[in-house]
Amino acid sequence: MPRRTSYQPGVPCWVDCITPDLTGAQRFYGDLFGWEFVDEDGDYRLVTLDGELIGGLGTAPPGRWGGAAWNVYLATKDADRTRADVEDGGGTVVMGPVPAGEDGRLFLAVDPQGAPVGFWEGHHAQGVVLADEVGAVCGHDLVVPRADAAERFYGGLFGFRTGRHPAGAADGEGPVTLDLHGTARAGLVEDPAARPGWIPYIGVDDLVTAEADALAAGARPMGRSTESRTVLRDPWGAVFGITRPSSEF
């Protein structure tokens, strides 16, 4: 059972889904992935699998946007410094940093190309504990109009560089990735027509069966399917992916 208890700065370390229907979303994701939910604070739930922490699910604070979205958070050792770096790099901070109980602080921003992104400064274990297996987070994509602009912004924050990992690719090219210190940490999808954003992928045993189950429960396909990954929109509009577990970003 792959467990992670610390994350270097810049690495995706936490995901949560903000939804207008907390009860319905718990049923949808619980049935699809076998998740269980633990009350954390008001309208926020910790998501667990076999007793291990894998993410969060909640509703937006009163007065804020009431839609649905999956958020991906990058680890930081200093939220205040990272906030300043985000603004210096052309991003826009929309909330925080704010305390998250006794566990740490977080803030939410939009990068210069319009992709929402979160940042997490953990006081203890810094985020997701269980990862890279069925039912847990197994990777992330960043979808943006321009890969070079993403490299410039996230490189300025943490040192990310674009890479390409041809191993196993039929065409010998492989996907473009966001690399940190030589390790791929996320896929980098350049698509000027798509809505910019970070997408978390959840591991499944059988991609075809999991997609069929999700569609039967009200999800919609997003049209970016491959042999190993499928992107979906949940019944309330939050975008997520499903994939076969692997060691890749």
Side-chain angles (χ1 to χ4, degrees), residues 10-19 55 65 67-75 86 89-94 108-120 128 131-132 137-166 169 171 173-180 183-204 207 210-211 214-215 219-244 246 248-249:
V11 174
C13 66
W14 184 252
V15 297
D16 63 16
C17 181
I18 301 304
T19 179
W65 175 68
W70 274 97
N71 300 309
V72 174
Y73 297 78
L74 309 183
V86 165
T92 302
V93 175
V94 297
L108 300 174
V110 178
D111 76 17
Q113 298 193 83
V117 59
F119 299 88
W120 172 252
V128 171
D132 303 324
V137 177
C138 290
H140 311 80
D141 276 346
L142 172 59
V143 182
V144 288
R146 292 177 52 189
D148 61 340
E151 180 184 44
R152 186 161 53 250
F153 176 72
Y154 292 98
L157 294 180
F158 299 113
F160 277 103
R161 296 291 180 264
T162 55
R164 193 179 288 273
H165 295 260
D171 58 5
E173 291 291 328
V176 177
T177 56
L178 267 179
D179 295 4
L180 191 61
T183 300
R185 295 300 185 178
L188 184 56
V189 180
E190 189 175 65
D191 186 350
R195 182 175 179 177
W198 285 83
I199 300 173
Y201 287 83
I202 312 302
V204 296
L207 201 62
E211 181 178 8
L215 296 180
R220 290 166 287 167
M222 291 290 290
R224 286 201 295 273
S225 297
T226 68
E227 291 183 357
S228 61
R229 290 186 168 194
T230 295
V231 180
L232 302 166
R233 190 183 298 274
D234 78 12
W236 304 273
V239 177
F240 69 102
I242 53 177
T243 186
R244 297 185 185 93
S246 74
E248 296 183 359
F249 46 91

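Two residues are said to be in side-chain contact when any heavy atoms from C-beta on lie closer than 4.5 Å; V239 and M222 meet this criterion. I199 places a side-chain heavy atom less than 4.5 Å from the side chain of V143.
Taken to the nearest 0.5 Å, the CG atom of L142 stands 5.5 Å off from the CG atom of L188. Between the CH2 atom of W120 and the CH2 atom of W14 there is a distance of 7.5 Å, given to the nearest 0.5 Å. Expressed to the nearest 0.5 Å, how far OG1 of T19 lies from CH2 of W70 amounts to 10.0 Å. Summarising the geometry, atom CG belonging to L180 is positioned 11.0 Å from atom CG belonging to L157; distances are rounded to the nearest 0.5 Å. Here CZ of R233 is found 6.0 Å from CZ of R220. Values are rounded to the nearest 0.5 Å.
Ring geometry for H140 against W198 counts as perpendicular: the plane angle is over 60°, on a 0 to 90° scale with 30° as the lower cut. Using bins of under 30°, 30° to 60° and over 60° for the plane-to-plane angle, the ring pair F158/F119 lands in the tilted bin.
Looking at residues two or more places apart in sequence or on another chain, you find a side chain to side chain contact (heavy atoms under 4.5 Å, CB included) between Q113 and D111, V144, P145, R146, A149, A150. Legend: residues meeting side chain to side chain contact (heavy atoms under 4.5 Å, CB included) with S228, ordered by chain and number and at least two apart, are T226, R244.
Contact record, T162 with A147: CG2-O, 4.2 Å, taken as the closest heavy-atom pair. Between G89 and P112, the closest heavy-atom pair is O-CG, 3.4 Å. Here the closest non-hydrogen pair linking Y201 and T230 is CE2-O, 4.1 Å. Closest heavy-atom contact between G114 and P196: C-CB, 3.7 Å. Considering all non-hydrogen atoms of both residues, L232 and P221 come closest at CD2-CA, 3.9 Å. Of all non-hydrogen atoms in A238 and C17, the two that sit nearest each other are CB-SG, 4.0 Å.
Exactly one residue among I202, D132, T243 makes a side-chain contact (heavy atoms from CB on, under 4.5 Å) with V137. That residue is I202.
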Exercise. Dump the intermediate steps for side-chain contact (heavy atoms from CB on, under 4.5 Å) on E211 and I242, then the final yes or no.
Key: CA-CA 8 Å; E211 181 178 8; I242 53 177; 4.1 Å; yes
Self-check item: Residues Y73, L108; criterion side-chain contact (heavy atoms from CB on, under 4.5 Å); working and verdict
Solution: CA-CA 8 Å; Y73 297 78; L108 300 174; 3.6 Å; yes
Quiz item: V72 and V117: side-chain contact (heavy atoms from CB on, under 4.5 Å), yes or no, with the steps?
Solution: CA-CA 6 Å; V72 174; V117 59; 5.8 Å; no
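The pair R229-D141 counts as a salt bridge, with a side-chain nitrogen and a carboxylate oxygen less than 4.0 angstrom apart.
Between the side chain of E151 and the backbone N or O of R161 there is no donor-acceptor pair closer than 3.5 Å.
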